[in-house]
There are 2 protein chains.
Amino acid sequence: MSTTAQPKRNTWQREAVRAALAEARGFVSAQQLHQRLRDGGSTIGLATVYRGLAGLAESGEADSLQSPDGENLFRSCSTQGHHHHLICRSCGETRELEARVVEEWAQRVGAEHGFTDMEHVVDLFGICANCRASRGAAGA
Amino acid sequence: MSTTAQPKRNTWQREAVRAALAEARGFVSAQQLHQRLRDGGSTIGLATVYRGLAGLAESGEADSLQSPDGENLFRSCSTQGHHHHLICRSCGETRELEARVVEEWAQRVGAEHGFTDMEHVVDLFGICANCRASRGAAGA
DNA sequence: CCGTTTGTTGCGAACGATTCTCATGAGTAA
DNA sequence: TTACTCATGAGAATCGTTCGCAACAAACGG
């Protein structure tokens with residue numbers, strides 16, 4: 001049911017959100033994106049950014065995760081379908097990962113416990129080589 | 001500095017939060033916990049529940065994660081140290097997992113990309129056997 | 001046991017992110 | 001072009017969480 005896409009209209013706002021998201025290198029929050037668009041001269045509304053982002057996330061064009069602060073972060077996704085992320089805690093650099101091992105592990109563990117319809121959240125955070133080199137060792 | 005615990009006082013409120021959390025089977029939100037305590041006749045304040053939970057989470061006695069709604073959920077943690085969770089999307093039943101495979105994978109992937117100081121977020125969601133039996137197949 | 005000291009509590013206000021409302025504006029089809 | 005709808009945008013409304021502050025009570029010394 002409802003696998004068919006609803007009739008969405010083509011608006012410059014939707015495109016602007018998509019573009020701005022693609023432009024952003026790491027994960028960005030809706031508010032950040034809205035700010036950037038505004039800074040870029042756009043008159044787009046905050047609510048529209050939220051709506052656009054939600055749409056992109058739903059259609060798989062964007063990926064969303066929650067920051068530790070409880071904010072929703074989005075990122076333009078090149079890899080369609082399921083994948084995970086490796087994110088630099090320092091510079092925000094993000095890489096998409098495939099994780100066959102983890103997929104299988106998740107399935108197996110789920111099955112062992114009698115769980116079905118498994119989903120999982122797997123994200124890796126670390127300090128990338130660049131940041132490590134330029135910062136040496138900076139504490140928390 | 002400040003690795004040493006701050007001088008915390010022993011109050012019945014703190015104990016009440018701890019007890020209520022231990023009582024709860026799955027993950028609970030601060031608000032839920034507060035409600036239960038109130039229902040139980042306690043006059044504890046909401047802010048205190050928040051403070052108590054934050055304290056428990058920090059000391060490792062409780063584990064916290066964010067619900068898809070952006071709420072902070074807490075759970076009393078028996079397993080000290082690092083571990084993951086398998087959570088039933090339907091009834092909230094939660095099991096603590098060890099995930100050697102995943103730990104190793106995370107380290108390896110991080111290393112391959114030149115990342116250090118790896119951390120990761122890994123949580124599994126599914127429908128447990130019980131719920132599956134009693135609900136058959138309920139769509140989204 | 002009593003007074004002092006100072007971290008805790010609890011209330012309500014403040015805050016911040018997200019969603020909703022609704023009148024207006026712009027795609028789309030005829 | 002005209003009509004029909006859905007999308008937009010501004011601000012209000014929501015909801016979870018944190019803050020500020022005065023009263024309180026746990027730990028301590030005498």
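Every chain is numbered from 1, with letters handed out A, B, ... down the list of sequences. Excluded from the calculations below are hydrogen atoms, water molecules and symmetry mates; all remaining heavy atoms, backbone and side chain alike, are included.
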For [X], check salt bridge (charged side-chain N to carboxylate O under 4.0 Å, His left out) against everything at least two apart and list the hits.
X      : answer
R51(B) : none
E93(B) : R95(B)
R38(A) : none

Rounding to an integer number of Å, can you tell me how far [X] [atom1] sits from [N] [atom2]?
X      : N       : atom1 : atom2 : value
E71(B) : dT14(D) : CD    : P     : 17 Å
K8(B)  : dA27(D) : NZ    : C1'   : 16 Å
L53(A) : dT18(C) : CG    : P     : 9 Å
Q66(B) : dT18(C) : CD    : P     : 11 Å

Legend entry - T11(A) side chain near dT8(D) phosphate (N/O to OP1/OP2, under 4.0 Å): yes
Legend entry - Under-4.0 Å side-chain N/O to phosphate OP1/OP2 contact, Q13(A) with dA7(D):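 No, no such contact exists.
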Legend entry - Residue-level proximity of residues 31-39 of chain B to DNA chain C when a heavy atom falls under 4.0 Å: R38(B)
Inset, instruction - Ignoring hydrogens and angles, state whether a donor on the side chain of E61(A) or S59(A) is under 3.5 Å from an acceptor on the partner side chain. - result: yes
Legend entry - Which atom of V28(A) lies closest to which atom of A24(A), heavy atoms considered: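 Nearest heavy atoms, V28(A) then A24(A): CG1-CB, 3.8 Å.
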Legend entry - Nearest atoms (heavy-atom pairs only) where A106(B) meets L124(A):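 Reported closest heavy-atom pair: CB-CD2, 3.8 Å.
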Listing time: all N or O pairs from protein to nucleotides 18-25 of chain D that are below 3.5 Å?
none

Inset, instruction - State, with a plain yes or no, whether a side-chain heavy atom of F74(B) is found less than 4.5 Å away from one of L21(B). - result: yes
Legend entry - Pairwise side-chain contact, W12(A) with S42(A), heavy-atom cut-off 4.5 Å (strictly under):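 Side chain of W12(A) against side chain of S42(A), heavy atoms only: contact under 4.5 Å found.
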Inset, instruction - Select from L73(B) and T48(A) the residue whose nearest nucleotide in DNA chain D is closer to the 5' end of that strand. - result: T48(A)
Legend entry - Residue whose closest nucleotide on DNA chain D lies nearer the 5' end, R14(A) versus F74(B):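 Looking at the nearest nucleotide for each, R14(A) comes out on the 5' side.
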Inset, instruction - Could you check E98(B), E96(B), E103(B) and say which one makes a side-chain hydrogen bond (donor to acceptor under 3.5 Å, both in side chains) with H84(B)? - result: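 The passing option is E103(B).
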Under-3.5 Å N/O pairs linking protein and nucleotides 1-3 of chain C:
none

Inset, instruction - Could you tell me whether Y50(B) and H34(B) have their ring centroids closer than 6.0 angstrom? - result: no
Inset, instruction - Check whether the ring centres of H85(B) and F27(B) lie less than 6.0 Å apart, and answer yes or no. - result: yes
